[in-house]
Structures are given as C-alpha cells and as structure tokens.
There are 2 protein chains.
Amino acid sequence: MSNTSLSPRAQRLRDAGHKLTNARLTVLGVVERGGGHLTSTEILNRVNAVDARIGRASVFRALDLLTRLSIIRPTYIDSSITPTYVLLPDGHHHHVICTHCNRVIEFEDCGLSKLAADLERRLHVQLSGHLLEFYGLCDRCSAQERSAFN
Amino acid sequence: MSNTSLSPRAQRLRDAGHKLTNARLTVLGVVERGGGHLTSTEILNRVNAVDARIGRASVFRALDLLTRLSIIRPTYIDSSITPTYVLLPDGHHHHVICTHCNRVIEFEDCGLSKLAADLERRLHVQLSGHLLEFYGLCDRCSAQERSAFN
DNA sequence: CGCGTTATTAATACACGATATCATCAAATC
DNA sequence: GATTTGATGATATCGTGTATTAATAACGCG
Ligand SMILES: [Zn+2]
Ligand SMILES: [Zn+2]
Ligand SMILES: [Zn+2]
Ligand SMILES: [Zn+2]
C-alpha cells in the first residue's frame, strides 16, 4: 500500500501502533463517507460492497479499535439494541435526539474546549474527544404535544 | 399502592400519563439505588431479587420508557454490546471514559444551561436532558503511556 | 369502595447483533 | 526476501433484546 495520501485518521491508527490493514482502511473509509449515524449492519453491508472478502468479525474489531482511538463513537438513537456509529471529526460530535420520533439534529458549536482544559488539569486526564447529546422533543413533536391539549 | 412518598421521578412518570406499575417502580428504584452505570443484566438481576414475579420484557420496557422521559440514558463504556444505564439527575449526566482501561470518572459541573437555552431557541426544540462524555486516558493510563517511551 | 376501561404485564420462543476460536495470512521491519 | 507478530476470516455459538397474546392490575368514576 502506497504511503501517498494517507488520511489523517489512518495516520492516527499507525501512530498508535496498529497495522494499516485492508479491513481497517475499508471500514474507516465507509464511516468517513457515510455522513454520520450508520448502524453496524449498514457498515457491514457497505464494507462488503467494497470488498466482499472482508469478514464480519474484522469489521466489528475495526469499529472497536476506532472507538478506542476516539475516531468514532457508538451511540443510541432509539433505546433498542443497535447502536449507530458517528465520526468524531476534530474529536467531537454533538446532536439533539428527539425522544418521541428519534429524529437526530446535529449541531456544531459546543464551546467545550475550556471545560476540557479544566478537566485535564483537575482530573489529570488526557482527553481526545467528546460526545454531547441533548434529549427532548423536536419542533414537530413539541408542536404536536401542545395541540394534544386542545 | 399508597400515594404518600411518591418519588419525584415516579411523579414524572405519572404526569406523562403512564401508569405507576410495580414493574416500573421497581426498575426505577433499582436504578436510583444503583449509583450509576448498571448494565441491563445487572438491572434484571436486582429487579428479580426484589420481586421475582417481574418479567424480563417488562424490565426492558421500563428502561425504554425511562429513557424516553430522559430519566435515564443508555451509554457505552467499552464499545462492546451491552450498554449501561445512567440516571440523569436534574436532567444531566457527565463523565470521562478512559479509552484504555474503561474507567469512568464522573463530574458535576458542565455549564451547558446557556447552550441548551440557545439550542431551544434556534432549533425550536424542547430539551429535557443531556449527556456529556469525554474520551481519553485517565491519570494512571496516561502515566503508563508516558513511561512506555523510556 | 367496587366496577369498567384500558394500559400494562408475564411467559416463552425467537431474532439477530456481536463474539470466541484458531488456523491462515500479510504488514512492518530489517 | 525472510522473519516476526499482529490481524484476518469462517463459522459455531452466545446473549441481549423483542414479538406475541392471554391474563392482569392501575386508575378514574360513580
Ligand atoms: Zn421528533
Ligand atoms: Zn464539542
Ligand atoms: Zn485508564
Ligand atoms: Zn450538564
């Protein structure tokens, strides 16, 4: 595999001492192109569409590894079994989840860098990312709820 | 069931139009006394220790309901299948997860009420809670990593 | 209170996402 | 290119969570 055009996230894999295998790079590529919130099944299907020789277990192992490196993060949309994986671009991700219809609304600004620096000092930790989730009713569902009181 | 000493969270269940059944109150009690981060299996066992007649499915349904009401929230500690459920006291919860040893460090202050108010205005949502997770290395693991470069 | 309505439950069989295993393979290093 | 060692892939298996439905109990009302 040529070293030209190694994605920054692939570089992070290597820097952490892991081999840049076909399976891992394919999973990473699928998640990067996925646009957020893919379930494991969606990821499995897309990985297989790219390269059918990649095994099921390797996909899950790659997801675990990327999670440990704070490159992606599993999170629940509805409370049922399957998590969805989101990229943590620049180490963070933020969304609102509607607890009624499960819609996800992403937002960008969080203003948490100061808090992160505080925590690193106070708790002696070394932070690499964060996920911020708000729960509540989206515009449609809260309108609906109000009209239910007519 | 007597109405005296109805916990605030039980009251929220009722206010939202749900019946205060034995199964729900037992699950809620287990989670409240659990001190955070219980897996579904732990919850199942404890519920059964309190009242063996409560069925498996009812426990999961209760967890789903409490999640929809933003009373608890499922979250991943390690990236493997089983989520842990945390209470969202006063609607929020915050922790640091060590991506190396899976230790969880809780912290209290988040300063997110202003952001929440902003989002409610901008996105026309009605927020009832939030979860903030930081990822990184805890004090022990980051010390260990430094000494690995000797 | 006791009654009727209706949401909720319990039991179990099942679905399906995730994992353990281990022989094989290939990425990195020299 | 050969060596080392981490990573892979096929599959059998596990275990969490779900569907189903008749039976039950919470709650409002008289
Ligand atoms: Zn909604
Ligand atoms: Zn952020
Ligand atoms: Zn640690
Ligand atoms: Zn908070």
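Computed from heavy atoms alone, side chains included, the values below leave out hydrogens, waters and symmetry copies.
Atom pair A:Arg56:CZ and D:dT11:P shows a separation of 12 Å (rounding to whole Å applied). To the nearest angstrom, P of D:dT11 lies 17 Å from CD1 of A:Ile54. A:Asp15 places its CG atom 19 Å from the P atom of C:dA27, with the value rounded to the nearest Å. As a whole-Å value, the separation of A:Gln11 CD from C:dA28 C1' is 14 Å. Taking atom CG of residue A:Asp64 and atom P of nucleotide C:dG17, one finds them 16 Å apart after rounding to whole Å. Following rounding to the nearest Å, A:Leu44 (CG) and C:dG17 (P) show an atom-to-atom distance of 9 Å. Taking atom CG of A:Leu66 as the reference point, atom P of D:dA7 lies 13 Å away to the nearest angstrom. Atom CG in A:Leu63 sits roughly 12 Å away from atom C1' in C:dG17 (whole-Å rounding).
The pair A:Arg9-A:Asp15 does not count as a salt bridge, with every side-chain nitrogen at least 4.0 angstrom from each carboxylate oxygen. The existence of a salt bridge linking B:Arg122 and A:Asp109 is confirmed by a sub-4.0 Å separation between a basic side-chain nitrogen and an acidic carboxylate oxygen.
Side-chain proximity of B:Arg61 to D:dG6, D:dT20, C:dT19: nearest is D:dT20. Candidate nucleotides D:dT8, C:dG17, D:dT16 were compared by shortest atom distance to the side chain of A:Ser58, and D:dT8 ranks first. The side chain of A:Ser40 sits closest to C:dA18 out of C:dA18, D:dG17, C:dT9. Which of C:dT12, C:dA27, C:dT6 sits closest to the side chain of B:Lys19 comes down to C:dT6.
If you find the closest nucleotide of DNA chain D to B:Thr41 and to B:His18, the one lying nearer the 5' end belongs to B:Thr41.
Between A:Pro74 and A:Thr67 there is a side-chain heavy-atom pair separated by less than 4.5 Å.
Regarding contacts with the backbone of C:dA27, every side-chain N or O of A:Arg14 stays at 4.0 angstrom or more from both OP1 and OP2.
Heavy atoms of B:Arg53 sit under 4.0 angstrom from primed sugar atoms or phosphate atoms, though from no base atom.
Residues A:His95 and A:Glu133 have side chains that bring a donor and an acceptor to within less than 3.5 angstrom of each other. Under the 3.5 Å distance criterion, with hydrogens and angles disregarded, a donor-acceptor pair is assigned to the side chains of A:Arg73 and B:Tyr135.
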